[in-house]
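Note that the structure is a prediction, hence the values are computed from the model and not measured. These values consider heavy atoms only, across backbone and side chains, with no hydrogens, waters or symmetry-generated copies.
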Protein chains: 2
Amino acid sequence: MKQEKEITIYDIARKLNISATTVSRGLQDNPAINKLTRKKIADTAKALGYRSNNFASSLRSKKTNTLGVLVPRLNSYFMASVMSGMEDAANKEGYNLIISQSQEKAAKEAANAHTMFNKRVDGLLVSLASETENIDHLAPFFRKGIPVVFFDRVFPHKDSTCVVIDNYKAAYEVTKHLIDGGCRRIMLLGGNMLRNVYADRLRGYQQALKDRKIPFNEKLIYISNLAEQDGVNAAELILKMKAKERPDAIFAANDTAAVHCMIHLKAAGIQIPGEIAFAGFNNDPISSIVEPNLTTVNYPGYTMGEIAVTNLISHLSGQNNVKNTSTVVLRSDLVIRASSQKSKAAK
Amino acid sequence: MKQEKEITIYDIARKLNISATTVSRGLQDNPAINKLTRKKIADTAKALGYRSNNFASSLRSKKTNTLGVLVPRLNSYFMASVMSGMEDAANKEGYNLIISQSQEKAAKEAANAHTMFNKRVDGLLVSLASETENIDHLAPFFRKGIPVVFFDRVFPHKDSTCVVIDNYKAAYEVTKHLIDGGCRRIMLLGGNMLRNVYADRLRGYQQALKDRKIPFNEKLIYISNLAEQDGVNAAELILKMKAKERPDAIFAANDTAAVHCMIHLKAAGIQIPGEIAFAGFNNDPISSIVEPNLTTVNYPGYTMGEIAVTNLISHLSGQNNVKNTSTVVLRSDLVIRASSQKSKAAK
DNA sequence: GAGGTTTGTGCAACCGATTGCAAAGAAAGA
DNA sequence: TCTTTCTTTGCAATCGGTTGCACAAACCTC
């Protein structure tokens with residue numbers, strides 16, 4: 001393998017009979033350098049096949065143009081959309097992403113944060129693992145003034161921005177919609193209450209019940225990791241209940257759990273939405289495939305990713321003061337489909 | 001914001017009254033350094049809160065411990081699984097990933113490759129955009145001897161490994177399965193034939209027909225991007241056909257197209273699999289949600305990601321000669337579900 | 001005890017770009 | 001013509017590890 005010699009600013013400088021300083025400035029389009037000189041530098045750089053050495057540059061300027069991303073899991077449609085939005089936004093601004101997943105483990109999250117810190121990312125984007133109880137592992141970032149933006153599963157902190165949707169309101173609306181459709185015993189398949197997203201959804205659910213004067217029944221709350229199997233388990237539980245105790249609606253905090261619960265109940269002969277109405281959360285592709293189509297909350301993942309990154313970068317370039325935007329709330333909409341409409345089901 | 005002073009090896013050296021050289025070597029566990037000294041260095045480093053400066057080190061050693069990943073799109077279940085596997089494997093070996101997506105555009109792919117090159121990734125993982133016609137944009141990597149591993153959508157090249165499944169065989173089996181189930185007019189929803197995955201699937205399909213003495217009918221080939229809308233379009237096309245011309249089975253090169261085509265036909269009153277049997281590819285979550293459940297090919301994304309990274313890293317550490325493994329073929333299995341079984345459908 | 005090894009450590013150059021400061025040359029104002 | 005003010009450019013130090021080579025001390029061997 002023939003290794004070509006690497007071209008440096010010194011090579012360019014030598015070729016043009018100017019100093020490396022001028023070349024460095026010229027490559028950055030520094031206005032202090034004569035326009036003609038800049039052009040000559042750019043041309044020569046291209047001609048020689050120069051590529052800038054990020055390490056040398058980062059070493060001196062202490063900027064890496066890299067953002068760290070800490071997420072619980074990569075393999076969900078929602079998270080993939082977020083990543084996609086982040087990548088696009090970052091790319092547009094000349095930043096790169098280093099992505100790592102915690103697998104919902106607090107320890108792995110801490111280890112990954114540590115790696116990011118050592119890699120000296122310019123900023124950090126975080127969605128917390130369900131296990132995580134505090135953000136001590138992010139302390140080094142705050143201490144060094146490295147901006148941290150939380151998204152989706154956030155942890156309010158005075159020095160950082162959160163990008164979220166209004167989970168409380170969304171859950172409130174879902175629940176209200178179910179109640180208005182005639183449901184009274186609404187079961188909630190919730191997630192880990194350490195996480196704002198699940199805690200807020202529970203609150204929204206509770207408030208909607210309260211406003212409609214429906215008593216809150218703790219037995220109708222089922223907390224899990226909201227994986228496929230959890231949906232199935234919930235279904236099993238329901239099938240074991242006496243007919244009178246059974247819920248007449250299920251509101252799951254994600255579509256995966258909702259769909260798998262629904263399928264399992266359907267297979268057992270339960271009419272959906274006739275006997276049990278359903279609503280999910282996220283608007284995953286599966287929600288519009290399952291039959292009946294699942295009522296859910298559209299969660300703008302791509303946009304969330306874009307906004308989180310844009311916000312972070314504007315911090316970095318100082319266009320933006322942390323104090324100005326501590327939280328960005330994105331719009332989310334209730335997507336009403338057949339699974340929640342008892343009345344229309346009687347066709 | 002109080003900025004803590006950054007600790008360097010010089011600080012450690014001063015504290016211990018030894019040279020920075022020794023500290024550097026000690027931190028790398030260089031056996032030339034006395035064990036006791038090494039221990040003292042490690043302890044002091046921890047005590048002072050030292051973190052190594054990757055740039056300084058990369059600048060000199062010319063290694064970044066970073067791998068570049070070039071993919072067409074991030075927001076699919078399959079790709080998310082691959083990323084997940086890659087990230088896990090990379091993380092385990094102390095590598096980080098820089099991920100970027102081409103949006104299926106050759107130009108963006110080239111631009112991203114260029115960025116990766118400038119970021120001096122130690123190695124590159126590539127799945128090609130559907131548009132890409134050649135790999136000239138990867139030439140700089142080959143010239144500099146930076147290892148490139150292709151996965152899924154590959155482009156055979158003498159200096160690089162490909163990680164794939166046997167698309168030919170998988171498609172052959174799907175087609176054979178449909179034929180054995182009694183189908184004779186099997187429509188293929190294919191992807192861009194520039195890509196091995198789609199070209200191989202077409203070949204497998206053709207060979208299966210040939211082996212079963214069924215004439216190949218060009219009118220039953222529908223090439224598209226295999227997005228949702230393409231599935232719908234295919235369905236429209238079929239609905240416009242005269243009854244005699246209609247296919248009695250559809251084999252789509254991905255589940256998205258299969259599922260959306262199927263739903264659209266179902267809505268139009270076509271019996272699945274009675275009138276038209278269905279098979280897809282990838283084993284996306286939607287394939288086991290749609291009714292009837294979709295027969296498909298299980299595609300081990302997570303494993304593919306893991307293997308691609310592991311292979312790349314072993315190249316880097318020189319444990320592995322390119323010549324030894326030019327292609328890794330992963331096992332894929334036909335997952336038979338209701339959508340393809342005409343006989344059992346008559347319940 | 002002389003000569004040969006092994007072990008442990010340090011010197012100083014180096015990686016390639018960035019930047020504060022100085023200064024030469026050009027343009028402008030008095 | 002003499003200052004003054006820009007406009008351009010370069011010097012040299014700096015960022016923080018890494019590494020080839022030299023060398024001193026300790027250990028062997030005959």
Side-chain angles (χ1 to χ4, degrees), chain A residues 3-42 44-46 48-66 94 117-122 144, chain B residues 3-42 44-46 48-66 94 117-122 144:
Chain A
Q3 301 280 349
E4 288 184 347
K5 189 180 141 297
E6 203 64 63
I7 305 295
T8 72
I9 53 169
Y10 299 101
D11 298 317
I12 300 178
R14 205 172 313 121
K15 190 113 181 177
L16 292 176
N17 260 316
I18 54 180
S19 77
T21 306
T22 305
V23 175
S24 172
R25 294 203 176 104
L27 289 170
Q28 297 174 74
D29 257 340
N30 187 322
I33 303 297
N34 186 301
K35 222 163 178 187
L36 179 65
T37 315
R38 271 189 302 204
K39 170 130 182 54
K40 278 198 288 193
I41 292 171
T44 317
K46 186 162 293 174
L48 294 180
Y50 166 80
R51 62 169 173 165
S52 118
N53 185 322
N54 280 299
F55 313 129
S57 140
S58 292
L59 175 57
R60 192 71 228 272
S61 65
K62 300 186 181 305
K63 279 208 55 187
T64 61
N65 271 351
T66 300
F117 189 66
N118 282 333
K119 287 258 166 180
R120 305 196 186 207
V121 295
D122 290 340
K144 284 217 94 58
Chain B
Q3 301 279 347
E4 286 184 349
K5 193 179 139 293
E6 203 64 64
I7 305 295
T8 71
I9 52 170
Y10 298 100
D11 297 317
I12 301 178
R14 205 172 314 122
K15 189 113 180 176
L16 292 176
N17 260 316
I18 56 180
S19 78
T21 305
T22 305
V23 175
S24 172
R25 294 205 175 102
L27 288 170
Q28 295 174 77
D29 258 340
N30 188 323
I33 303 297
N34 185 300
K35 224 166 179 185
L36 179 65
T37 315
R38 268 189 296 193
K39 171 129 180 54
K40 278 197 287 188
I41 291 171
T44 317
K46 187 163 292 175
L48 294 180
Y50 167 80
R51 61 169 175 167
S52 117
N53 185 322
N54 279 301
F55 314 128
S57 130
S58 292
L59 176 58
R60 191 76 224 271
S61 64
K62 300 185 183 302
K63 279 209 56 186
T64 62
N65 269 1
T66 300
F117 188 65
N118 282 333
K119 287 257 164 179
R120 306 196 184 208
V121 294
D122 290 340
K144 283 216 96 57

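In the set dG16(C), dG10(C), dT18(C), the nucleotide with an atom closest to the side chain of Ala56(A) is dG16(C). Set against dG16(D), dT14(D), dC21(C), the side chain of Arg60(A) has dT14(D) as its closest nucleotide.
One interatomic measurement links the two molecules: CD1 of Ile41(B) to P of dG10(C), which rounds to 9 Å at whole-angstrom precision. Between Ile9(A) atom CD1 and dG16(C) atom C1' there is a gap of 6 Å when expressed in whole angstrom units. Between Gln28(A) atom CD and dG16(C) atom C1' the separation is 13 Å, expressed in whole Å. Between the NZ atom of Lys119(A) and the C1' atom of dG16(D) there is a distance of 16 Å, given to the nearest Å. Rounding to whole angstrom units, CD1 of residue Ile33(B) and P of dG8(C) are separated by 8 Å. Here the P atom of nucleotide dA17(C) and the CG atom of Leu59(B) are 9 Å apart, to the nearest Å. Atom CG in Asn54(B) sits about 10 Å away from atom P in dG17(D), given to the nearest Å. Between the P atom of dT18(D) and the CG atom of Asn65(B) lies a distance of 12 Å, rounded to the nearest Å.
Side-chain contact between Ile41(A) and Ile18(A): present, with at least one pair of heavy atoms (C-beta onward) separated by less than 4.5 Å. You'll find the side chain of Glu6(A) stays beyond 4.5 Å of the side chain of Asp11(A), heavy atoms only. Proximity of Thr37(B) to Thr22(B): side-chain heavy atoms (C-beta onward) are separated by under 4.5 Å at one or more points.
More than 12 heavy atoms of other residues, nucleotides or ligands sit less than 6.0 Å from atom NZ of Lys119(A). Around the NZ atom of Lys39(A), the shell of radius 6.0 Å holds no more than 12 heavy atoms that belong to other residues, nucleotides or ligands.
OP1 or OP2 of dG8(C) has at least one side-chain nitrogen or oxygen of Asn34(B) nearer than 4.0 Å. Residue Ser19(A) places at least one side-chain N or O under 4.0 Å from the OP1 or OP2 atom of dG10(D). In this structure, Ser24(B) does not reach the dG17(D) phosphate: none of its side-chain N or O atoms is under 4.0 Å from OP1 or OP2. Phosphate proximity of dC15(D) to Thr8(B): absent, as no side-chain N or O sits under 4.0 Å from OP1 or OP2. Of the side-chain N and O atoms in Thr22(B), one or more sit less than 4.0 angstrom from OP1 or OP2 of dG10(C).
Using a 4.0 Å heavy-atom distance criterion, Leu27(A) is classed as making no nucleic acid contact. In this structure, Thr21(B) reaches the bases: a heavy-atom distance under 4.0 Å links it to at least one base atom across the strands shown. Tyr10(B) comes within 4.0 angstrom of a base, heavy atoms only. Thr37(A) comes within 4.0 angstrom of the backbone, heavy atoms only, and of no base.
Taking the nucleotide of DNA chain C with the nearest heavy atom to each of Tyr50(A) and Ala20(B), the more 5' of the two is matched to Ala20(B).
Between the side chain of Arg51(B) and the base of dG17(D), no donor-acceptor pair under 3.5 Å is found. Taking 3.5 Å as the limit, the base of dG8(C) and the side chain of Arg25(B) contain no donor-acceptor pair of atoms between them.
Contact detail for Tyr50(A) and Ile7(A): the closest heavy-atom pair is CD1-O, 3.3 Å.
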